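Read through the structure below, which is laid out as structure tokens, and then see the notes.
All values derive from a computational prediction rather than experimental measurement.
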Amino acid sequence: MNGTAKRVACAYLSQMGPIASAHAAATLLAEYRPRLLVMTGICGGFSKEVSIGDLVIADKSWDWQAGKWTEDGELAPSADPRDGAAELVAYAQTIGDAVNHAHERFTGQGKPVNAPKLVKGPMVTGSAVVASQNIQEVFKGQHRKMAGIDMECYGMYYAVSNHAGASVRTLCIKAVSDLADRAKADDHQQYCSYISAAAMLEVVSLYFRNLRA
């Protein structure tokens, strides 16, 4: 990277969910002692904030299912937000040109007509796949600018925030492959996986370029 060698360790989860992601993150932190721990992939989005293919920059995350279910069938949440690294969030908001170029280069399946927007906001995490407008109503009121929902982000942020070693910067950027409703499908997953990885590579490059400046 810019004439200097960087060591990179890649991992994938054998199953979905915040427990799996927290365990993987803790293992990576202990084994490799990284400066950065980042995550890409796909997420659900909310139509008022994002469209299919847009990139959610997760400035914070929490377990939307944590809390108490009342006798009225309502969830009284007990949110425990954990933050992405502010420095990486700031870099991610500046990569529009690089994302546009990556969008133009993509020749696979599920490519949206328009280049993705970069949307900073909370990405809440849960252990269940959401494909229902009714379930969305349970957690959409937890933050007025909620942008995305996934099954892993909070697990990684939680592991990093409880890491006892040297400071580690973390960030999750995922692309919206569905709108977490009954129309949920897999049509855009290839594109979303690609564009989120391209976006994160640019963020990591910016971090190390500015580190040397």
Side-chain angles (χ1 to χ4, degrees), residues 1-16 18 20-43 53-61 82-108 111 115-120 123 125 148 150-177 189-213:
M1 187 175 291
N2 291 330
T4 63
K6 304 296 179 188
R7 291 198 306 159
V8 177
C10 296
Y12 72 94
L13 302 181
S14 60
Q15 67 181 61
M16 298 183 293
S21 65
H23 178 265
T27 300
L28 291 167
L29 289 167
E31 182 70 20
Y32 296 104
R33 300 178 183 177
R35 293 187 188 183
L36 305 179
L37 186 61
V38 300
M39 180 187 294
T40 65
I42 63 173
C43 66
D54 286 349
L55 289 160
V56 177
I57 304 164
D59 63 347
K60 62 178 80 295
S61 184
R82 304 297 167 122
D83 294 334
E87 183 178 7
L88 299 183
V89 171
Y91 288 145
Q93 293 177 273
T94 70
I95 62 171
D97 288 345
V99 167
N100 289 341
H101 292 153
H103 174 79
E104 292 170 1
R105 291 194 302 268
F106 183 76
T107 58
K111 178 179 177 178
K117 301 192 305 291
L118 293 161
V119 180
K120 183 191 81 167
M123 183 185 299
T125 292
D150 83 335
M151 298 176 70
E152 293 83 27
C153 181
Y154 176 70
M156 182 177 73
Y157 282 11
Y158 182 88
V160 170
S161 68
N162 285 280
H163 177 53
S167 176
V168 178
R169 292 168 175 80
T170 188
L171 183 64
C172 179
I173 298 178
K174 292 191 175 183
V176 177
S177 63
Q189 289 188 1
Q190 183 186 42
Y191 170 81
C192 290
S193 297
Y194 159 81
I195 201 70
S196 64
M200 188 65 81
L201 180 60
E202 185 64 21
V203 172
V204 171
S205 297
L206 278 172
Y207 170 79
F208 283 110
R209 284 202 297 268
N210 284 281
L211 193 66
R212 295 179 62 204

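- To the nearest 0.5 Å, atom NZ of residue Lys6 and atom OG of residue Ser205 are 10.5 Å apart.
- In this structure, the side chains of Leu29 and His163 come closer than 4.5 Å at one or more pairs of heavy atoms.
- At distances below 3.5 Å, at least one donor-acceptor pair connects side-chain atoms of Asp54 with backbone N or O atoms of Lys117.
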task = Given side chain to side chain contact (heavy atoms under 4.5 Å, CB included), test Met156 with Leu37 step by step and report yes or no.
result = CA-CA 8 Å; Met156 182 177 73; Leu37 186 61; 4.0 Å; yes

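- A distance of 10.0 Å separates OG of Ser21 from CD of Gln15, quoted to the nearest 0.5 Å.
- Between Thr27 and His23 there is a side-chain heavy-atom pair separated by less than 4.5 Å.
- Cys192 and Gly53 make their closest contact through SG-CA, 4.3 Å (heavy atoms, listed as atom of the first residue, atom of the second, distance).
- For Tyr157 (side chain) and Ala58 (main-chain N/O), a donor-acceptor pair under 3.5 Å exists by modelled atom type.
- Heavy-atom minimum distance, Ala198 versus Ala102: CB-CB, 3.8 Å.
- Take Tyr191 and apply the side chain to side chain contact (heavy atoms under 4.5 Å, CB included) test, not counting sequence neighbours, and it matches His103, Phe106, Lys111, Pro112, Pro116, Ile195.
- No more than 12 heavy-atom neighbours from other residues, nucleotides or ligands sit within 6.0 angstrom of OH on Tyr158.
- Contact check for Glu152 versus Leu13: side-chain heavy atoms found under the 4.5 Å cut-off.
- With rounding to the nearest 0.5 Å, the separation of CZ in Arg35 from OH in Tyr207 is 6.0 Å.
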request  = Go through the steps to decide whether Leu36 and Phe208 satisfy the test side chain to side chain contact (heavy atoms under 4.5 Å, CB included), and finish with yes or no.
outcome  = CA-CA 10 Å; Leu36 305 179; Phe208 283 110; 3.8 Å; yes

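- Counting only heavy atoms from C-beta outward, the side chains of Val119 and Leu55 never approach each other to under 4.5 Å.
- Summarising the geometry of Ser61 relative to Met123, their closest heavy-atom pair is OG-O, 2.6 Å, with the distance given to 0.1 Å.
- Using modelled atom types, no side-chain atom of Ser193 and backbone atom of Gly41 make a donor-acceptor pair closer than 3.5 Å.
- Scanning all heavy atoms of the two residues, the minimum distance from Asp150 to Cys43 falls at CB-CB, 4.1 Å.
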key: CA sep, side-chain torsions, deciding dist, call: Leu118, Gln93, side chain to side chain contact (heavy atoms under 4.5 Å, CB included)   = CA-CA 7 Å; Leu118 293 161; Gln93 293 177 273; over 6 Å; no

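- Shortest non-hydrogen contact noted between Met39 and Met200 is O-CE, 3.3 Å.
- Contact of the Asn210 side chain with the Tyr91 side chain is registered, since non-hydrogen atoms from C-beta on lie closer than 4.5 Å.
- From Asp83, atom CG reaches atom CG of Leu171 across 11.0 Å, with rounding to the nearest 0.5 Å.
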key: Intermediate values then yes/no, side chain to side chain contact (heavy atoms under 4.5 Å, CB included), Glu87 and Arg169   = CA-CA 8 Å; Glu87 183 178 7; Arg169 292 168 175 80; 2.6 Å; yes

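- The shortest heavy-atom contact between Pro34 and Leu28 is CD-O, 3.8 Å.
- Residues Ser196 and Ile42 form no side-chain contact, since every pair of their non-hydrogen atoms from C-beta on lies 4.5 Å or further apart.
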